[in-house]
Every structure is written in C-alpha cells, then in structure tokens.
Amino acid sequence: MAIRFSNEEFDKLKNILTTYDWGLRTLMTKLNIIHEDLRNFQDNSAIDFIHSRIKAPESIAQKLYEMGLDVTADNARKHLRDIAGIRIICPFAKDIYFLAGILRSMPDVRVVTEKDFISQPKPSGYRSYHLIMQIPVFFSGKTEDVTVEIQIRTEAMNFWATLEHKARYKFREHVPEHLSNELAVIAETISALDERMFNIYELISLINEGPSNGGINRQAKDL
C-alpha cells in the first residue's frame with residue numbers, strides 16, 4: 001500500500017518544499033562557484049560533477065511511515081534531514097577530504113553533522129562522506145534555516161551505491177546473503193582500485209612536472 005499525505009498536509013508540504021528548494025539552490029550556487037574556481041583558476045580537478053535533488057513527497061511519506069511517525073508536513077520538516085540533497089562526485093577518494101574541508105570553511109553555512117563512511121564503511125561495504133549542512137534562507141521578511149544533506153564520493157563508490165540500492169529495492173531490504181557478501185567484496189575491490197588509480201595519477205603528475213624526466217621515468221619503469 002502506497003503511503004501518502006492527506007490533501008491538507010500535502011498543501012502544507014508543498015510550501016515547505018519550496019523553502020527547501022530555495023536553500024538547495026543557494027547552496028548549489030556556492031558549490032558551482034567553488035567548482036569553477038578550482039577548475040579555472042587553481043588547476044584542480046577535485047570535482048567531476050554535482051547533482052542535486054528534492055526528495056519526492058511519496059518518498060518523504062514512506063520514510064516517515066517507516067520511522068513510525070505521523071505523515072505530516074511538520075514531522076517531515078522536524079525529523080528528516082535529507083529532504084534536500086546534493087551529491088558531489090570526485091575523481092579520487094583523497095579529493096573527498098579536501099572538499100569536506102572546503103565545505104566546513106564556507107561562510108553563512110553551518111555543518112550540523114558529519115559521517116565518514118570511507119574510513120569506516122558500513123557493514124554492507126557502503127562508502128561515502130556525508131555532511132548535514134544548514135543554510136539560512138531569507139524570504140517574506142524572515143530567515144529560516146534549511147538543512148541539506150551532502151554526499152561526497154567517487155564515481156566507483158557511486159556506481160556501487162546505485163547497484164546496492166537496486167538490490168535492496170528489488171528484495172525489499174532483505175537482500176540474499178550470497179548477494180550481500182558479493183557486494184561487500186566488490187566494495188573492497190573498488191576501494192583498492194580507487195587507491196591504485198590515484199597512485200598512477202600522482203606518478204603521471206610527477207613525470208609531467210619534472211624538469212628533467214629521466215630520473216622520474218626510470219622510477220616509473222621500476223614500478
């Protein structure tokens with residue numbers, strides 16, 4: 001049975017989602033400026049791309065139901081911190097911590113919580129860096145703080161998370177043990193590949209930057 005808001009609560013929710021959309025767009029503007037600055041002025045490719053979304057009313061209702069809460073707009077605003085979400089995809093895992101540091105230093109934005117699922121992955125193998133950030137939105141002569149969840153991960157981590165999400169949806173959260181074990185093994189493999197690809201990137205950078213590449217090329221050949 002699909003869980004839905006009543007018509008009255010849905011009308012309230014639409015107003016709340018508008019505020020979240022404003023907060024999301026404000027934060028996205030800041031992130032896009034950071035992206036352009038890194039790419040165009042600092043020769044830093046720490047961000048591949050940025051994706052944003054507002055959680056659908058059906059998903060909000062389902063989550064409140066699973067939390068054992070009444071499906072109301074006020075409960076959504078009070079108890080859910082991922083109504084507005086941003087995902088940042090990085091080339092390498094080491095870029096994730098660099099970006100997290102930048103996010104912490106942004107003015108007018110407050111970090112509420114941080115969870116490092118990269119150094120401490122979930123039992124399933126899930127890896128990502130999560131921040132709940134609070135951004136002020138000024139409208140109708142008042143200021144309201146809006147929470148936005150930011151997830152930072154590599155493309156490989158993102159692909160794994162998408163695959164694992166499909167498995168949980170397909171089996172209604174009861175993923176067969178052999179499939180869970182396989183996903184956990186793949187997660188470890190992806191982590192190792194992320195590290196190896198970064199090492200290769202570092203080596204290529206050293207070769208390109210060396211004034212006389214002879215010694216560095218010999219080092220590369222030894223590797």
Side-chain angles (χ1 to χ4, degrees), residues 24 27-28 30-31 34-35 38 44-53 55 59-60 62-64 66-68 78-106 109-135 146-202:
L24 185 64
L27 190 51
M28 279 295 294
K30 293 176 179 290
L31 292 175
I34 291 170
H35 187 192
L38 290 174
N44 186 319
S45 58
I47 298 176
D48 274 341
F49 62 89
I50 308 172
H51 172 74
S52 65
R53 64 101 181 100
K55 190 181 283 291
S59 297
I60 295 173
Q62 183 64 36
K63 190 162 187 178
L64 289 173
E66 291 172 355
M67 294 171 68
K78 182 178 180 180
H79 296 284
L80 302 186
R81 292 184 167 184
D82 63 344
I83 291 176
I86 293 174
R87 185 169 298 157
I88 304 175
I89 304 300
C90 303
F92 304 107
K94 293 185 183 297
D95 295 322
I96 294 172
Y97 295 101
F98 168 73
L99 287 173
I102 290 179
L103 294 180
R104 291 189 210 101
S105 67
M106 284 197 300
V109 182
R110 184 172 73 89
V111 176
V112 180
T113 61
E114 291 184 61
K115 292 183 179 179
D116 183 357
F117 295 117
I118 297 172
S119 63
Q120 295 180 317
K122 290 185 178 181
S124 64
Y126 176 85
R127 285 171 167 81
S128 187
Y129 200 99
H130 291 197
L131 300 99
I132 302 296
M133 308 198 73
Q134 202 169 64
I135 184 163
V146 172
T147 57
V148 180
E149 181 188 58
I150 298 181
Q151 300 175 353
I152 318 174
R153 57 179 68 152
T154 66
E155 186 66 63
M157 292 175 191
N158 191 53
F159 179 77
W160 184 95
T162 301
L163 188 63
E164 194 256 356
H165 176 76
K166 288 181 178 179
R168 286 191 288 106
Y169 180 81
K170 173 70 174 178
F171 295 101
R172 300 185 179 182
E173 299 294 335
H174 301 292
V175 181
E177 184 177 357
H178 72 277
L179 188 54
S180 295
N181 292 340
E182 182 67 12
L183 283 168
V185 170
I186 292 172
E188 290 294 331
T189 303
I190 284 174
S191 179
L193 285 174
D194 270 340
E195 182 68 25
R196 292 178 67 181
M197 285 189 292
F198 178 78
N199 290 338
I200 292 173
Y201 171 80
E202 288 274 87

_Could you report the tightest heavy-atom contact between Asn44 and Ala46, atom names first, then the distance?_
OD1-N, 2.8 Å

*asked:* Any heavy-atom pair between the side chains of Ile89 and Arg153 that's under 4.5 Å?
replied: yes

*Would you please test Leu99 and Ile150 for side-chain contact (heavy atoms from CB on, under 4.5 Å) and show each step?*
CA-CA 11 Å; Leu99 287 173; Ile150 298 181; over 6 Å; no

*Please list, chain by chain and in numerical order, all residues satisfying ring-ring contact (aromatic ring centres under 6.0 Å, His included) with Phe98, sequence neighbours excluded.*
none

*Heavy-atom count around Tyr97 OH within 6.0 Å, excluding the residue itself: above 12?*
yes

_I need the Asp82 CG to Ile60 CD1 distance, nearest 0.5 Å._
8.5 Å

_To the closest 0.5 Å, what do you measure between SG (Cys90) and OH (Tyr129)?_
12.0 Å

*asked:* According to side chain to side chain donor-acceptor pair (under 3.5 Å), who are the partners of Glu66, at least two apart in sequence or on a separate chain?
replied: Gln62

_Min side-chain heavy-atom separation Val109-Val148 under 4.5 Å_ = no

*Side chain to side chain, Ser124 and Trp160, heavy atoms closer than 4.5 Å*: yes

*Looking only at heavy atoms, which two atoms of Ser128 and Gln151 are closest? And how far apart?*
OG-CB, 3.8 Å

*Step-by-step side-chain contact (heavy atoms from CB on, under 4.5 Å) determination, Leu163 to Leu183*: CA-CA 9 Å; Leu163 188 63; Leu183 283 168; 4.1 Å; yes

*Atom CG in Leu80, atom CE in Met67: separation rounded to 0.5 Å?*
5.5 Å

*Quick check: does any side chain N or O of Ser191 sit under 3.5 Å from a backbone N or O of Ala187, one acting as donor and the other as acceptor?*
no

*From CE (Met106) to CG (Leu31), nearest 0.5 Å*: 5.5 Å

*Walk me through it: do Ser180 and Phe171 pass the test side-chain contact (heavy atoms from CB on, under 4.5 Å)?*
CA-CA 11 Å; Ser180 295; Phe171 295 101; over 6 Å; no

*Would you give the length of the straight line joining atom CZ of Phe49 to atom NE2 of His35, rounded to the nearest 0.5 angstrom?*
10.5 Å

*With side chains defined as the heavy atoms from C-beta onward, is the minimum distance between Ile190 and Phe159 less than 4.5 Å?*
no

*Take atom NE2 in His165; do more than 12 heavy atoms of anything else shown fall under 6.0 Å from it?*
no

_Can you give me the closest heavy-atom contact between Gly85 and Leu24, atom names plus distance?_
O-CD1, 3.7 Å

_Quick one, Asp48 and Asn158 - any side-chain contact, counting heavy atoms below 4.5 Å?_
no

_Salt bridge flag under 4.0 Å for residues Glu149 and Arg87_ = no

*asked:* Over 60° means perpendicular and under 30° means parallel, so tell me whether Tyr126 and His130 are parallel, tilted or perpendicular.
replied: perpendicular

*Between Ile135 and Leu27, what is the shortest heavy-atom contact and its length?*
CD1-N, 3.8 Å

*Please work out whether the ring planes of Phe198 and Phe92 are parallel, tilted or perpendicular, with thresholds of 30° and 60°.*
perpendicular

*Interatomic spacing from CD1 in Ile88 to CD1 in Ile47 - rounded to 0.5 Å*: 5.5 Å

*So does Lys55 have more than 12 non-hydrogen atoms from other groups sitting under 6.0 Å from NZ?*
yes

*Identify whether the distance between the nearest side-chain nitrogen and carboxylate oxygen of Arg127 and Asp194 falls below 4.0 Å.*
no

